[in-house]
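Step one of this worksheet: look at the structure below.
Just so it is clear: chains get the letters A, B, ... in the order the sequence lines come, proteins before strands, and each one is counted from 1. Any value given below was found using the heavy atoms of this structure, including those in side chains, with hydrogens, waters and symmetry copies removed.
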There are 2 protein chains.
Amino acid sequence: MKDNNDMPGHLARRFQQIAVAVFLAEVEDAGFDLTPVQYAALATIKANPGLDQVTLAGLIAYDRTTITGVIDRLVQKGLTERRASSRDRRARELEITDEGRKTLRAITPAVEAAQRIMLRGLTDKEANELTRLLRKAIAAGNELSRAPLREAPT
Amino acid sequence: MKDNNDMPGHLARRFQQIAVAVFLAEVEDAGFDLTPVQYAALATIKANPGLDQVTLAGLIAYDRTTITGVIDRLVQKGLTERRASSRDRRARELEITDEGRKTLRAITPAVEAAQRIMLRGLTDKEANELTRLLRKAIAAGNELSRAPLREAPT
DNA sequence: TACTGATGGTCAGTATACTGATCAATATTG
DNA sequence: CAATATTGATCAGTATACTGACCATCAGTA
């Protein structure tokens with residue numbers, strides 16, 4: 001019988017588990033308290049000032065119900081501002097604060113180190129291949145989860 | 001600046017997200033209600049009758065605090081029994097029930113189909129390579145998360 | 001054997017994820 | 001333009017994950 005630990009789904013879970021642990025450890029060592037999810041959201045807000053939550057969710061493939069809580073915490077930490085949109089009164093426009101910008105800048109080396117550490121068992125060539133294959137598999141399965149990647153509108 | 005969607009950690013998250021969604025969809029289509037985590041635990045209990053929770057956690061690389069809830073739900077669904085160990089009164093011995101065995105057998109095709117679907121964007125060769133690279137990266141990072149894989153004792 | 005340290009399990013608290021519902025506001029269309 | 005459909009955001013509920021603490025028990029040692 002096929003071992004559980006040979007199934008792609010199980011391997012995906014384990015790799016992600018390690019990736020998150022490494023990320024949190026590196027970021028904490030650097031003196032910050034930010035989760036992978038919060039980091040991705042913050043970086044995306046910086047790159048797309050004024051975007052609304054649904055667009056943000058699409059850009060990083062998060063469920064929109066998850067985004068609400070993530071932004072809550074980024075706002076609470078003073079890294080992001082959420083204000084009502086003037087164009088669409090349902091929407092919230094997101095902006096990064098100066099504090100958020102500073103944090104993002106300071107945290108980048110730790111985030112990059114984390115990426116290297118989670119792949120430390122692989123050669124550079126293997127690491128590139130893994131990344132390529134993950135990207136390809138994800139592209140093919142994009143529509144299969146509730147939170148597919150969406151290009152920015154306009 | 002490097003895009004978020006190019007980082008291995010982010011790709012890990014997305015792939016896992018898709019893997020879980022595919023798993024749940026296939027299993028539900030087959031008429032069952034079991035999560036990936038519950039499935040892995042159940043299969044491992046069947047393969048190692050009478051094991052305790054910490055050992056189970058080690059065999060599938062789960063945090064032991066997570067196991068408590070997972071077993072709660074398996075017991076509540078009537079798929080697993082949890083009884084006090086006679087050898088060590090701290091420990092709980094886990095057994096699969098007949099119902100659990102039946103479920104496991106009936107659900108296997110759906111689980112295997114899910115593995116194929118989550119890799120549908122890759123050729124067979126690429127799928128094998130992805131699996132190999134994940135396994136290798138995971139082996140190297142095993143000790144980096146709070147829930148490393150542990151061989152069975154004895 | 002009494003003490004100390006390690007171990008199995010649980011719990012409280014926090015942070016993703018997702019299902020499905022709801023509300024307000026915008027778009028669409030007959 | 002009124003009825004309908006869609007959309008942005010949130011919420012309640014459930015299921016992983018993890019941190020750190022705790023208790024009962026076991027194991028090793030002085």
Taking CG from L144(A) and C1' from dC18(C), how many angstroms apart are they, rounded to a whole number?
-> 15 Å
Pairs where residues 7-23 of chain B contributes a residue and the test salt bridge (charged side-chain N to carboxylate O under 4.0 Å, His left out) is met, not counting sequence neighbours | none
Could you write nucleotides 3-9 of chain D as a row of B, S and -, 5' to 3', where a protein heavy atom under 4.0 Å of any base atom gives B, of only sugar-phosphate atoms gives S, and otherwise -?
-> ----BSB
What is the distance from CG of D63(B) to P of dG20(D), rounded to the nearest Å?
-> 12 Å
Separation of atom CD in Q17(A) from atom P in dA17(C), rounded to whole Å | 13 Å
Searching all strands shown, indicate the nucleotide that pairs with dA30(D) (Watson-Crick or G-U wobble; both distances under 3.5 Å).
-> dT1(C)
Could you give me the CA-CA distance, side-chain angles and deciding distance for R135(A) and F15(B), then say whether side-chain contact (heavy atoms from CB on, under 4.5 Å) is met?
-> CA-CA 8 Å; R135(A) 233 193 311 262; F15(B) 185 56; over 6 Å; no
Does dT16(C) have OP1 or OP2 sitting under 4.0 Å from an N or O in the side chain of Q16(B)?
-> no
Report the distance from atom CZ of F23(B) to atom P of dT16(D), rounded to the nearest whole Å.
-> 11 Å
Residues pairing under salt bridge (charged side-chain N to carboxylate O under 4.0 Å, His left out) where one sits in residues 17-36 of chain B, two or more places apart or in two chains, turn out to be D33(B)-K77(B)
Quick one: label A147(B) by what it contacts on the DNA or RNA (base, sugar-phosphate, nothing), any heavy atom closer than 4.0 Å.
-> sugar-phosphate
4.5 Å side-chain heavy-atom contact, L56(B) and N48(B) | no
Partner residues of T66(B) under the side-chain hydrogen bond (donor to acceptor under 3.5 Å, both in side chains) criterion, sequence neighbours left out | none
What is the distance from CD1 of I67(B) to P of dA17(D), rounded to the nearest Å?
-> 10 Å
On DNA chain D, more 5' by nearest nucleotide between D72(A) and I18(A) is D72(A)
Where do N or O atoms of nucleotides 13-15 of chain C meet protein N or O atoms at under 3.5 Å, pair by pair?
none

In whole angstroms, how far is the C1' atom of dT10(C) from the CZ atom of R89(B)?
-> 18 Å
Which sits closer to the 5' end of DNA chain D, E28(A) or T66(B), going by the nucleotide each is nearest to?
-> T66(B)
For L51(B) and dG8(C), give me the distance from atom CG to atom P, rounded to whole Å.
-> 12 Å
Only distances under 3.5 Å count here; give the side-chain donor-acceptor pairs of residues 118-129 of chain A to other protein atoms, sequence neighbours excluded, each with its distance to 0.1 Å.
from, atom 1, to, atom 2, distance (Å)
R120(A), NE, A140(B), O, 3.3
R120(A), NH2, A140(B), O, 3.0
T123(A), OG1, E126(A), N, 3.0
E126(A), OE1, T123(A), N, 3.1
E126(A), OE1, K136(B), NZ, 2.8
E126(A), OE2, R132(B), NH1, 3.4
E126(A), OE2, R132(B), NH2, 3.2
E126(A), OE2, K136(B), NZ, 3.1
N128(A), ND2, D124(A), O, 3.4
E129(A), OE1, R132(A), NE, 3.2
E129(A), OE2, R132(A), NH2, 3.1

ring-ring contact (aromatic ring centres under 6.0 Å, His included) partners for Y62(B), two or more places apart | none
Those residues at least two apart in sequence (or on a different chain) that pass side-chain contact (heavy atoms from CB on, under 4.5 Å) with E143(A) are P148(A), R150(A)
For R146(A), report the nucleic acid contact type (base, sugar-phosphate, nothing); a contact means any heavy atom under 4.0 Å.
-> base
Please table the atom pairs, donor to acceptor, closer than 3.5 Å between any side-chain atom in residues 99-108 of chain B and protein atoms at least two apart or in another chain.
from, atom 1, to, atom 2, distance (Å)
T103(B), OG1, E99(B), O, 3.0
T108(B), OG1, L104(B), O, 2.7

Nearest-angstrom distance from the residue atom CG of L24(B) to P of dT19(C) | 8 Å
